[in-house]
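The structure appears below as structure tokens.
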Amino acid sequence: QVQLVESGGGSVQAGGSLRLSCAASGGTFSNYAMGWFRQAPGKEREFVAAISWTGGRIYYTGSVKGRFTISRDNAKNTVYLLVSSLDPEDTAVYYCAARRAAGAVHSGRIFTNGHEYDYWGQGTQVTVSS
């Protein structure tokens, strides 16, 4: 059983930045591809970014390309999401998720559908004011 704990959220003004972290425990972190999702009030959860277990493949949803950066440190069992040039439209609860995808055959696999993930964190709130 993998536990995921997000941190780093907060309230910022438009144009600001935050670094979100997601610390994993209870499993071998490098066995998992990771993803970030978000859910704004009254809206469905949406995919934000994903990274393969090696970190060699990364994918972003179009609205955050060039503004957000996903990375991981397998030695620290942590995945990060640097959110920059924030806009009020980015206001949401941000969740990290883990999907088992280990070994060389899965080295380039990333997942963009929430249903493909096995474990979820509790979320961290990001609020952007104009």
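Because only heavy atoms are used, hydrogens play no part in the values below, and waters and symmetry mates are left out as well, while side chains stay in.
Contact annotation: the side chain of Phe29 approaches that of Val79 to within less than 4.5 Å [non-hydrogen atoms, C-beta and beyond]. At least one side-chain heavy atom of Leu4 sits under 4.5 Å from a side-chain heavy atom of Met34. Within the 4.5 Å cutoff, the side chain of Tyr119 has heavy atoms near those of the Gln1 side chain. By the 4.5 Å heavy-atom criterion applied to side chains, Tyr80 and Ile70 are not counted as neighbours.
The side chain to side chain contact (heavy atoms under 4.5 Å, CB included) test applied to Ser7 returns Ser21, not counting sequence neighbours. Taking Tyr94 as the reference, Arg38 meet the side chain to side chain donor-acceptor pair (under 3.5 Å) condition, with sequence neighbours excluded. Residues meeting the side chain to side chain contact (heavy atoms under 4.5 Å, CB included) test with Ala40, sequence neighbours left out: Lys43, Ala92. By the salt bridge (charged side-chain N to carboxylate O under 4.0 Å, His left out) test, Arg67 pairs with Asp90, sequence neighbours left out. Among residues two or more places apart in sequence or in another chain, the side chain to side chain donor-acceptor pair (under 3.5 Å) test is passed with Thr127 by Gln125.
Among residue pairs with one or both ends in residues 69-83, none qualify as salt bridge (Lys or Arg N to Asp or Glu O under 4.0 Å); sequence neighbours excluded. Sorted by first and then second residue, the salt bridge (Lys or Arg N to Asp or Glu O under 4.0 Å) pairs with a member in residues 95-122 form an empty list; sequence neighbours excluded. Note on residues 48-64: pairs passing side chain to side chain donor-acceptor pair (under 3.5 Å), not counting sequence neighbours, are Ser52-Thr54. The disulfide bond (SG atoms under 2.5 Å apart) analysis of residues 23-64, with sequence neighbours excluded, yields no pairs. The disulfide bond (SG atoms under 2.5 Å apart) pairs that include a residue from residues 98-130 number zero, where partners must be two or more places apart or lie in different chains. Counting only residues at least two apart or in different chains, disulfide bond (SG atoms under 2.5 Å apart) contacts with residues 38-81 are absent. Judged as a disulfide bond (SG atoms under 2.5 Å apart), the pairs with a partner in residues 68-104 (not counting sequence neighbours) are, in order, Cys22-Cys96.
Here the CD-CG distance, from Glu6 to Leu81, works out to 11.0 Å after rounding to the nearest 0.5 Å.
Close placement of the Phe47 and Phe37 rings is indicated, their centers lying within 6.0 Å of each other.
Residue Trp36 is not grouped with residue Phe111 when hydrophobic side chains (ILVMFWY) are merged at heavy-atom distances under 4.5 angstrom, including chains of intermediate members.
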